[in-house]
Amino acid sequence: MISISYFDVVKARDPAVKNNLEIILTYPGVHVLWFHKFGHFLYRKNRFVIARLISQIGRFFTGIEIHPGAQIGPGLFIDHGMGVVIGETAEVGKNVLLFHGVTLGGTGKDTGKRHPTVGDNVIIGAGAKILGPITIGDNAKVGANAVVLRDVPEGATVVGIPAEVTTKKEAQEKCSL
């Protein structure tokens with residue numbers, strides 16, 4: 001299996017990046033994934049407290065909180081990540097793009113699987129809140145500040161509070177108001 005490097009992901013998603021040194025020094029979305037990888041390893045070994053400590057250190061340095069129990073697929077890019085929260089039972093697919101302020105959280109009403117499952121090649125706009133054990137289908141798009149409380153079909157675009165599936169034309173009209 002071919003592994004996608006953090007550098008390749010950033011270069012593919014962010015036209016502003018100049019070189020690998022810039023990524024190493026200035027991309028908190030990459031830094032937090034390094035913390036998560038180590039914390040997730042410890043979490044799987046039932047070292048829950050130290051795993052949580054690692055995730056909290058990552059949060060302190062990056063402003064991004066990923067629970068060590070969350071399952072993160074390859075190619076995740078967190079752009080301008082301040083305020084991103086990914087809960088314990090969240091599952092994030094391959095090649096997902098998250099902008100700042102995104103929450104993949106719970107509602108407080110569920111037990112067991114409490115957080116969203118995000119498919120492959122999904123884009124989630126700034127400030128979007130995806131809550132509960134719902135599924136965001138492959139190739140879907142979630143508009144900025146949307147509050148998603150129900151499953152999103154594959155390839156759909158959702159906008160609004162609460163989020164509703166929309167056509168491209170409807171989304172443009174809502175954004176231009």
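What you see is a predicted model; the values in this text were computed from it and never measured. Count residues from 1 along the sequence.
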Do Leu131 and Val96 belong to the same hydrophobic cluster, where Ile, Leu, Val, Met, Phe, Trp and Tyr are linked whenever their side-chain heavy atoms lie under 4.5 Å apart, directly or via other members? no
Quickly, which of Thr117, Thr111, Asp110 forms a side-chain hydrogen bond (donor to acceptor under 3.5 Å, both in side chains) with Lys113? Name it, please. Thr117
Once rounded to the nearest 0.5 Å, what's the spacing between atom CD1 of Ile136 and atom CD1 of Ile124? 6.0 Å
Determine whether Arg150 and Glu164 make a side-chain contact, defined as any pair of heavy atoms from C-beta on separated by less than 4.5 Å. yes
Rounded to the nearest 0.5 Å, how far apart are CD1 of Ile123 and CG of Leu97? 5.5 Å
Min side-chain heavy-atom separation Asp79-Asp14 under 4.5 Å: yes
Nearest atoms (heavy-atom pairs only) where Gly81 meets Ile78: CA-CG2, 3.5 Å
Between His31 and Ile23, the two heavy atoms sitting closest are NE2-O, 3.9 Å
Test item: Leu104 and His115 side chains (from C-beta on) under 4.5 Å apart, heavy atoms: no
Determine yes or no for a side-chain-to-main-chain donor-acceptor pair under 3.5 angstrom, with His36 supplying the side chain and Gly58 the backbone. no
Let's go through Lys11 and Asn20 carefully: what are the C-alpha distance in whole Å and the side-chain angles of both, what is the deciding distance for side chain to side chain donor-acceptor pair (under 3.5 Å) to 0.1 Å, and is it a yes or a no? CA-CA 9 Å; Lys11 288 174 183 175; Asn20 290 348; 2.7 Å; yes
Nearest 0.5 Å please: distance from the CD1 atom of Ile54 over to the CZ atom of Arg59. 15.0 Å
Heavy atoms from other residues, nucleotides or ligands near CZ of Arg47 exceed 12 (cutoff 6.0 Å): no
Work out which heavy atom in Gly93 is nearest to a heavy atom in Asp120; give both atom names and the distance. CA-OD1, 3.4 Å
With hydrophobic residues grouped by side-chain heavy-atom distances under 4.5 Å, do Phe77 and Trp34 end up in a single group? yes
Do Asn145 and Val159 have side chains that get closer than 4.5 Å, going by heavy atoms? no
Partner set under side-chain contact (heavy atoms from CB on, under 4.5 Å) for Glu22, not counting sequence neighbours: Val17, Lys18, Asn19, Thr26, Tyr27
Go through it in stages, so that I can follow the logic: the residues are His80 and Leu98, the test is side chain to side chain contact (heavy atoms under 4.5 Å, CB included), and I'd like the CA-CA distance, side-chain angles, deciding distance and then a yes or no. CA-CA 9 Å; His80 302 285; Leu98 303 179; over 6 Å; no
Hydrophobic clusters here meaning ILVMFWY residues chained together by side-chain heavy-atom distances under 4.5 Å, can you tell me if Ile24 and Val30 are in one? yes
Is any side-chain heavy atom of Val158 less than 4.5 Å from a side-chain heavy atom of Val148? yes
Using the rule that two of Ile, Leu, Val, Met, Phe, Trp, Tyr join whenever any of their side-chain heavy atoms come within less than 4.5 Å, decide whether Val10 and Phe99 are in one cluster. yes
Nearest non-hydrogen partners of Val165 and Pro153, listed with the distance: CG2-CD, 4.0 Å
Heavy-atom closest contact (Gly143 atom, Ala128 atom, distance): O-CB, 3.8 Å
Might you confirm whether atom CZ of Arg114 has over 12 heavy atoms from other residues, nucleotides or ligands at distances under 6.0 Å? yes
Neighbour count above 12 (heavy atom, 6.0 Å) for Lys141 NZ: no
Okay, side chain of Thr107, backbone of Lys109: is any donor-acceptor separation there less than 3.5 Å? yes
Cluster check Leu33, Val118: I/L/V/M/F/W/Y, side chain < 4.5 angstrom: yes
Qualifying residues under ring-ring contact (aromatic ring centres under 6.0 Å, His included), relative to Tyr43, sequence neighbours excluded: Phe48, His67
Phe7, CZ atom: more than 12 neighbouring heavy atoms under 6.0 Å: yes
Testing Val84, Ile86, Thr62, Leu76 for side chain to side chain contact (heavy atoms under 4.5 Å, CB included) with Val32, which one passes? Thr62
Just wondering, do Pro68 and Arg52 contact through their side chains at under 4.5 Å, heavy atoms? yes
What's the verdict on side chain to side chain contact (heavy atoms under 4.5 Å, CB included) for Lys37 and Tyr6, showing C-alpha distance, side-chain angles and the deciding distance? CA-CA 12 Å; Lys37 189 171 194 133; Tyr6 296 111; 3.8 Å; yes
Grab the two heavy atoms, one from Ile64 and one from Met82, that are nearest each other, plus how far apart they are. CG1-N, 4.3 Å
